[in-house]
Each structure stands twice: as C-alpha cells, then as structure tokens.
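Before any comments, here is the structure.
Since the model is a prediction, treat every value here as computed from it, not as a measurement.
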Amino acid sequence: MARAGLSLRPLPASLALLCAGVGAMVVVGFLTVALLPVLMGAGLLLALLVGAVVFGWAGIEGLAAFERWLENDPRFQR
C-alpha cells in the first residue's frame with residue numbers, strides 16, 4: 001500500500017522551509033514599508049479633521065461670547 005501525500009527527503013524539505021521563511025519575511029517587510037505612507041497619510045488626515053472640528057468649535061464659542069458681550073455692554077443698550 002502506497003503512502004498518501006508528498007514525501008520529501010529531509011535536506012530538500014529543510015531548504016524549502018528555509019526559502020519559504022525568508023520569502024515570508026521579505027514579503028512582510030515590503031508590505032510594512034508599503035503601508036507606512038498610507039498609515040501616516042490616514043493619521044495626518046485624521047489630525048486635520050480633528051483640528052478643523054476644534055477650530056470650528058472655538059470659532060462658534062468665540063462668536064457666542066462676542067454676542068453675550070454685545071448684549072451686556074451698556075454702549076449697545078440704546
């Protein structure tokens with residue numbers, strides 16, 4: 001009765017595993033280097049959006065304070 005599956009001798013099997021391991025490290029390294037600009041761009045976009053929201057909120061609060069000042073200042077009570 002024959003054995004099922006692929007059978008390799010120990011030396012070629014170890015070389016194949018070594019090449020697969022090196023290839024996996026190279027692929028992961030290239031993917032990491034390729035994803036860095038994408039992740040940095042996404043982070044900068046998120047920072048820009050948060051900054052715009054905070055800047056808008058500060059502007060609205062400033063206009064509200066200016067309106068309260070106009071309502072309470074005696075020079076504008078005529």
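- Under the rule for a ring-ring contact (aromatic ring centres under 6.0 Å, His included), the partners of Trp69 that lie at least two apart in sequence or sit in another chain are Phe66, Phe76.
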Show every donor-acceptor pair shorter than 3.5 Å between a side-chain atom in residues 22-47 and any protein atom, with sequence neighbours excluded, or say none if there are none.
from, atom 1, to, atom 2, distance (Å)
Thr32, OG1, Val28, O, 2.8

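- Annotation: the span from Arg9 atom CZ to Leu15 atom CG amounts to 11.0 Å, rounded to 0.5 Å.
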